[in-house]
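One structure is given below, encoded as structure tokens.
Counting from 1, the numbers follow the sequence of the chain as shown. The analysis underlying the following values was restricted to heavy atoms, covering all of them including side chains, and did not include hydrogens, waters or symmetry mates.
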Amino acid sequence: MHVIHNSQLDLREIVFIIQSQSNYFHVRQAERRRADLLKQAHSLTEKPPLVLLLHSLSDNEGDWSILPLLPYLSYSFGKNSSWIVFLEEETNVKMTKLVQVLAKFDKNKEWFLGKPLHDKESTIIHHYAFAENPSVFKYPDFAAAWALSIPSSCSVYEPLKSDFTIDLKHEVALYIWDNGKGPHLTAVPELCTEPEDSPQAQHCATSLSSEPPLCGEPVNKEDIFVAVKTCRKFHSERVPVIKKTWEKDALFLEYYSDHADPSIPTINLGVPNTERGHCGKTFAILQRFLSSTVPNTKWLLVVDDDTLISLPRLQVLLSCYDPSEPVCLGERYGYGLSQGGYSYITGGGGMVFSREAVVQLLNSGCKCYSNDAPDDMVLGMCLNALGLPVTHSPLFHQARPEDYARDFLAHQVPISFHKHWNIDPVAVFNKWLKDDFRAKPSGGLNKSAKTEL
């Protein structure tokens, strides 16, 4: 770390932005975090800093990607502020310690501070960036908080080439680095993801909540209907993996295919198989979910036949959400967000819908423009048109464990992964997803799933 000087920093020079979401549960969590920050600030000064909730800064649901908001933030707060600190709902902050850390850096220079993550191998979720040496590029773990000096946020950066927002923390770092014209991420050891009550967190300015939010008991098995999308060519290859791993945790589960196979059994919905997209099949599943053909449940989970998932952990997560509201939950991606695009739940990690969300989707008249249209993106367009938000959980994963930074997964108890490519899927399930949420999975993952909602 390049320590510049150690002058006193006024709390009013810091703008805190909590990366909140508009779902009621997440608003409540973010408001609690905001109240804690202001309580700490009031104990230190009569003039506290600004603490803002990201979802309330704009009417555009896509502004969770932060990048479209940076010019607005620097223009609005640049005259009186020196730092913008971003944090997640579960990020604990020791205000005094954080002020001491920021005071070490010259606020008149461009700084991008955080806890660095890096890729061990080039990965699809980062568009195979830095393929020759993936570990050279560092990007922040949002859970530890990250900070921009105002000169950095005021810079005019080139827009990213991709229309897709996949892994926001990596894309934020690329945007700020700006092909070497902007600052790279500076590692700050005091920005941590240790549990707040652990000995390792003593030196930290940030840490993660040790206690999960109080959401009640896990939802019952009978409240979730599971729909697995498959096709004839994968009946013998992928379906047996589900039967060996997580099928036993589902009370209501059906396999939907282009071929009815009574040995599994699979159901032919009358939609021809497509090599990509599967929009026709997914919309047929939504219609079947609301019919009297299947049990009446509060939640619908739609997965691919190569999705690996922990249903007990999902039951815990869903206890925080109200199924009478239109809830659409999973790993959130974005398309064309800087040009007024839309967010969507990426399908491979699992898409969760409350019954009310399915009712509103189908009542809207939303439909596929072709059977092989990308189902998750079409649903995203429909939700955007309805004004229904997509709720993000980092515990759903569109890719394999090796596609994510090791330190990022170290403070998670994940719910899902996706793809069987070059892995033993049963071994991956047993290491990362087996047993209920109270068990300590392999790899040192020892926190309740709720700490990472």
Spacing of [X] atom [atom1] and [Y] atom [atom2] [to the nearest 0.5 Å]:
X      : Y      : atom1 : atom2 : answer
Leu117 : Asp141 : CG    : CG    : 4.5 Å
Ile415 : Leu318 : CD1   : CG    : 7.5 Å
Ile267 : Asp258 : CD1   : CG    : 13.5 Å
Leu409 : Arg406 : CG    : CZ    : 10.0 Å

Might you point out which heavy atoms bring [X] and [Y] nearest each other, and give the distance in Å?
X      : Y      : answer
Pro272 : Gly270 : CD-O, 3.9 Å
Ala227 : Ile285 : CB-CG2, 3.6 Å
Leu395 : Val413 : CD2-O, 3.7 Å
Gly348 : Asp304 : CA-OD2, 3.6 Å
Leu168 : Ser65  : CD1-O, 3.2 Å
Leu433 : Pro414 : CD2-O, 3.5 Å

By ring pair (Phe, Tyr, Trp, His ring centres under 6.0 Å) - contacts of [X] (at least two apart):
X      : result
His55  : none
Phe137 : Phe130, His170, Trp177
Phe77  : none
His397 : Tyr404, Phe417

For the residue pair [X] and [Y], establish whether any side-chain heavy-atom pair is separated by less than 4.5 Å.
X      : Y      : answer
Thr391 : Tyr321 : yes
Phe283 : Cys366 : yes
Tyr344 : Tyr335 : yes
Lys281 : Asp375 : no
Gln21  : Val27  : no
Leu54  : Leu52  : no
Val352 : Leu300 : no
Leu73  : Ile17  : yes

Checking the side chain of [X] only, and the main-chain atoms of [Y] only, is there a donor and an acceptor separated by less than 3.5 Å?
X      : Y      : value
Thr123 : His126 : no
Asp322 : Ser324 : yes
Thr91  : Ala143 : yes
Ser364 : Leu361 : yes
His392 : Arg332 : yes
Asp261 : Arg232 : no
Gln412 : Pro394 : yes
Ser416 : Gly349 : yes
Lys138 : Gly114 : no
Gln40  : Val93  : yes

We want to know whether [X] and [Y] form a side-chain donor-acceptor pair, criterion being a heavy-atom distance below 3.5 angstrom.
X      : Y      : result
Asp119 : Tyr139 : yes
Ser354 : Lys298 : no
Trp246 : Ser310 : no
Thr346 : Gln398 : yes
Ser257 : His235 : yes
Glu121 : Tyr128 : no
Asn371 : His278 : no
His259 : Asn268 : no
Trp146 : Gln19  : yes

Next on the checklist: Before you tell me yes or no, could you show the steps for Asp403 and Arg400 under salt bridge (charged side-chain N to carboxylate O under 4.0 Å, His left out), namely the whole-Å CA-CA distance, both residues' side-chain angles and the distance that decides it to 0.1 Å?
Outcome noted: CA-CA 5 Å; Asp403 291 310; Arg400 308 163 304 159; 3.0 Å; yes
Next on the checklist: Walk me through whether Gln29 and Tyr24 qualify under side chain to side chain donor-acceptor pair (under 3.5 Å).
Outcome noted: CA-CA 9 Å; Gln29 291 293 101; Tyr24 170 74; over 6 Å; no
Checklist entry - What residues form a side-chain hydrogen bond (donor to acceptor under 3.5 Å, both in side chains) with Asp407, not counting sequence neighbours? => result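 For Asp407, no residue satisfies side-chain hydrogen bond (donor to acceptor under 3.5 Å, both in side chains) once neighbours in sequence are set aside.
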Checklist entry - Can the positive tip of Arg238 be found less than 6.0 Å from the middle of the six-membered ring of Phe234, inside 45° of the ring normal? => result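 Positive - Arg238 is close enough to the ring of Phe234 and near enough to its axis.
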Item to check | Cation over ring face, Arg355 and Trp299, 6.0 Å, 45° | outcome: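 Arg355 over Trp299 ring: no.
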Item to check | Sidechain N-carboxylate O distance under 4.0 Å for Asp36, Arg34 | outcome: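 No, Asp36 and Arg34 are not salt-bridged.
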Next on the checklist: Could you walk me through whether His127 and Ile166 satisfy the side-chain contact (heavy atoms from CB on, under 4.5 Å) test, starting with their C-alpha distance in whole Å, then the side-chain angles of each, then the deciding distance to 0.1 Å, before giving a yes or no?
Outcome noted: CA-CA 9 Å; His127 307 289; Ile166 294 178; 3.7 Å; yes
Next on the checklist: Using salt bridge (charged side-chain N to carboxylate O under 4.0 Å, His left out), reason through Asp223 and Lys221 one step at a time and then give a plain yes or no.
Outcome noted: CA-CA 5 Å; Asp223 290 332; Lys221 281 185 178 184; over 6 Å; no
Next on the checklist: Checking Thr245 now: which residues fulfil side chain to side chain contact (heavy atoms under 4.5 Å, CB included) with it, not counting sequence neighbours?
Outcome noted: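 For Thr245, the residues satisfying side chain to side chain contact (heavy atoms under 4.5 Å, CB included) (neighbours in sequence not counted) are Val241, Val426, Phe429.
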Item to check | CA sep, side-chain torsions, deciding dist, call: Asn92, Arg33, side chain to side chain donor-acceptor pair (under 3.5 Å) | outcome: CA-CA 8 Å; Asn92 283 311; Arg33 181 60 55 212; 2.9 Å; yes
Next on the checklist: For Leu251, I'd like to know if atom CG has over 12 heavy atoms of other residues, nucleotides or ligands within 6.0 Å.
Outcome noted: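 Enclosed: over 12 neighbouring heavy atoms sit under 6.0 Å from CG of Leu251.
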Checklist entry - Counting only heavy atoms not in Lys120, do more than 12 fall under 6.0 Å of its NZ? => result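 At most 12 heavy atoms, drawn from other residues, nucleotides or ligands, come within 6.0 Å of this atom.
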Checklist entry - Hey, which of Thr282, Val303, Thr307, Asp305 is the one that makes side-chain contact (heavy atoms from CB on, under 4.5 Å) with Lys229? => result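 Only match with Lys229 under side-chain contact (heavy atoms from CB on, under 4.5 Å): Thr282.
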Checklist entry - Between Leu301, Val359, Leu379, Leu329, which is the residue that forms a side-chain contact (heavy atoms from CB on, under 4.5 Å) with Phe353? => result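 Among Leu301, Val359, Leu379, Leu329, the one that satisfies the side-chain contact (heavy atoms from CB on, under 4.5 Å) with Phe353 is Leu379.
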